[in-house]
Number of protein chains: 2
Amino acid sequence: MGTTGQLATVPEPKYWHLRTVLLRAIETEFTTGQILPNERELSARFGVARATLRQALDQLELEGRLVRRRGIGTLIAAPRVGVPVNRHEEGWPGTARSQAWRIVDCTTAPATPRLAKALGVVEGATVHTVRRVRMVQGQNMATESLHVPAAVLPHLPGFRAESDRARSVLRQLERLEVDGESRSVELGVAEAGEAALLERPPGSPVLVMTTQYAAAGRLVAIAVSTYRADTCKLTFGETGLVEVTPVAASSEVRSAS
Amino acid sequence: MGTTGQLATVPEPKYWHLRTVLLRAIETEFTTGQILPNERELSARFGVARATLRQALDQLELEGRLVRRRGIGTLIAAPRVGVPVNRHEEGWPGTARSQAWRIVDCTTAPATPRLAKALGVVEGATVHTVRRVRMVQGQNMATESLHVPAAVLPHLPGFRAESDRARSVLRQLERLEVDGESRSVELGVAEAGEAALLERPPGSPVLVMTTQYAAAGRLVAIAVSTYRADTCKLTFGETGLVEVTPVAASSEVRSAS
DNA sequence: TAGTGGTCTAGACCACTAA
DNA sequence: TAGTGGTCTAGACCACTAC
């Protein structure tokens, strides 16, 4: 029983074959920023319905190879941007606060049951939530909701302008000497609010990173970040050791064997 | 200028509204493993074309909330499995080799240009490639291609059975005392070979993790792992500090604010 | 105004599963 | 065999962009 069956007798779907053909064309005949022929022409050229062609384009867009702009056309996408993910890049430790993050708003409200459970506090406990947007190369790449139980920041100054309170929360958090973080990454889709901040339509694929921050062995904050999956590649440079040579796009390496 | 415009005058697409309605239903009226009404009935019930309903189901499947099985029906998916990602879990260091990985095959061939560049070796240099599959909870969750330049393993025994050579490559690599790794994660789709190993159709979304392993400040191996995005949540437990309380599914926390 | 991608329809047939 | 999701078609209209 061969594992795969390379010469499968089952014909592959048209849209998958189309994707392969288009991918080869993208890699050999086009360069970043170029515009593909429009969908109606492409579907005619390949002798398929427009919906079938779009299925192939959907795949390539999910892979970050194409960008489609309404009213404009379908463009060859630039390679994904490697976005460093660590406390330094997130403007956390005593270091100078990163310029990459822009504060959107800051709310203080009782924790919903789910949030309370995630933070390990009682239901209804007051929680500060700071929303930020991360810009990379002039583009909104990620949004983040940072949740901090009020009990963790006992010395937070009183009422201020929202942006001041947000900055205060971040500053106080740094003083706790966060000494550990635990992250998880999964696939999600952008909800309305996130989609607007990321300048993408609702339903766009995102990489959802959940980070637990600990200080003195105690969970002090949770950040939920959503990164644009079309243009982002999350990089976890734990120690910054390996800098020998940049790694090619993973899909290229994958097909290289 | 309100950031979002909650009461947008622009009507949201039917499929997006449908997704929201179905998501609420999934969370309140159904439990894991239950079967939804079939697509033809659902589309009739909501008064839309089947294609439109399927667009909504596509979204929910991408979010890992639904699993669709041909000939069976559409099922409520189990919550995503948190898959630990670190050298211990990958069976790397001197510790007992993980039982989670099963060796598929092992090839020794000259490096393609892309692979050579990624590994920092000259084009055509001999490279060992070990393919493995990671099982979690009785399911194939990931495939991995581990590339090691032959020059890194000078004392590799001669010809053997393929599986023996694979094990030998892994063992020799461990002896190098790998002291650093650098990872990146991005969204991809399963190609034919990966799809077969993951028991998913081609084009299924995957999380592609590229890991550079360093020993003595030198890049000694690159691993390209593809994890099923529908059922996996990658967890990076750097130090295993935070164990206060499990974090709820990120989408739940996200909507909790 | 012309051209683009985005949405939606109403059907058809196929591949797979289970009884 | 009946029922399911997967694929594909040929069209329609809409929202957006640029000229």
Side-chain angles (χ1 to χ4, degrees), chain A residues 5 8-20 22 33-62 65-77 189-190 195-196 199-205 230, chain B residues 5 8-20 22 33-62 65-77 189-190 195-196 199-205 230:
Chain A
T9 55
V10 181
E12 66 184 358
K14 280 188 185 178
Y15 77 88
W16 185 253
H17 181 245
L18 250 184
R19 167 208 168 265
T20 305
L22 289 170
Q34 263 192 294
I35 300 183
L36 250 58
N38 72 58
E39 297 183 350
R40 288 163 181 87
E41 175 174 343
L42 279 178
S43 57
R45 185 182 302 184
F46 288 107
V48 299
R50 192 177 155 217
T52 302
L53 172 79
R54 281 181 60 81
Q55 234 179 320
L57 296 182
D58 286 343
Q59 289 281 345
L60 291 166
E61 195 179 26
L62 199 65
R65 310 300 296 249
L66 295 178
V67 178
R68 291 194 274 188
R69 294 203 190 140
R70 190 195 302 224
I72 307 285
T74 302
L75 293 74
I76 310 298
V189 303
E199 297 159 340
R200 296 290 302 165
S204 303
D230 56 345
Chain B
T9 54
V10 181
E12 66 183 359
K14 280 188 184 176
Y15 78 88
W16 185 254
H17 182 246
L18 249 184
R19 168 208 169 262
T20 306
L22 289 170
Q34 261 193 295
I35 301 184
L36 251 57
N38 71 58
E39 296 183 350
R40 288 163 181 87
E41 174 173 343
L42 279 178
S43 57
R45 186 184 300 182
F46 287 107
V48 299
R50 190 177 156 219
T52 303
L53 172 79
R54 280 180 61 81
Q55 235 180 318
L57 296 182
D58 286 343
Q59 289 281 344
L60 292 166
E61 195 180 25
L62 199 64
R65 310 301 297 250
L66 294 179
V67 178
R68 293 193 273 187
R69 295 202 190 140
R70 192 196 302 225
I72 306 284
T74 302
L75 292 75
I76 310 297
V189 304
E199 297 159 341
R200 297 289 302 165
S204 302
D230 56 345

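Every chain is numbered from 1, with letters handed out A, B, ... down the list of sequences.
- In the set dC8(D), dT7(C), dT9(C), dT9(C) carries the atom at the smallest distance from any side-chain atom of Lys14(B).
- For the pair Arg50(B) CZ and dC8(D) P, the computed distance is 13 Å after rounding to whole Å.
- In this structure, Thr52(B) does not reach the dT7(C) phosphate: none of its side-chain N or O atoms is under 4.0 Å from OP1 or OP2.
- Comparing Asp58(B) and Val48(A) by the nucleotide of DNA chain D whose heavy atom lies nearest to each, the residue mapping closer to the 5' end is Asp58(B).
- Applying the salt bridge (Lys or Arg N to Asp or Glu O under 4.0 Å) test to Glu39(A) and every residue at least two apart in sequence or in another chain returns Arg50(A), Arg54(A), Arg68(A).
- In this structure, Leu57(B) atom CG and dT4(D) atom P are separated by 14 Å, rounded to whole Å.
- For residues 35-42 of chain B, proximity to DNA chain C is found at Arg40(B), defined as any non-hydrogen atom under 4.0 angstrom from a strand atom.
- Remark: Arg70(A), Gly71(A), Ile72(A) in residues 68-76 of chain A come within less than 4.0 Å of DNA chain D through at least one heavy atom.
- Nearest approach of Ser204(A) to Pro201(A), heavy atoms of both residues: OG-O, 2.5 Å.
- Scanning all heavy atoms of the two residues, the minimum distance from Leu22(B) to Ala56(B) falls at CD1-CB, 4.3 Å.
- Remark: P of dT4(C) and CZ of Arg54(A) are 14 Å apart, rounded to the nearest angstrom.
- Under the rule for a side-chain hydrogen bond (donor to acceptor under 3.5 Å, both in side chains), the partners of Glu41(B) that lie at least two apart in sequence or sit in another chain are Arg45(B).
- Rounded to an integer number of Å, the gap from Gln55(B) CD to dC8(C) P is 6 Å.
- Listed by chain and number, the residues in a side chain to side chain contact (heavy atoms under 4.5 Å, CB included) with Gln59(A) are Tyr15(A), Trp16(A), Arg19(A), Glu63(A), Val189(B) (sequence neighbours excluded).
- Between Leu53(A) atom CG and dG6(C) atom C1' there is a gap of 14 Å when expressed in whole angstrom units.
- Between Leu75(B) and Gly33(B), the shortest heavy-atom distance links the atoms CD2-O, 3.8 Å.
- For the pair Gly73(B) and Ile35(B), the tightest heavy-atom approach, listed with the atom from each and the gap, is CA-CG2, 4.5 Å.
- At the phosphate of dC8(D), neither OP1 nor OP2 sits under 4.0 Å from any side-chain N or O atom of Tyr15(A).
- Taken together, the paired segments of DNA chain C that extend over three or more consecutive Watson-Crick or G-U pairs, each closer than 3.5 Å at both contacts, are C:1-18 with D:1-18.
- In terms of heavy-atom proximity, Pro205(A) sits nearest to Leu62(A) at CG-CD1, 3.8 Å.
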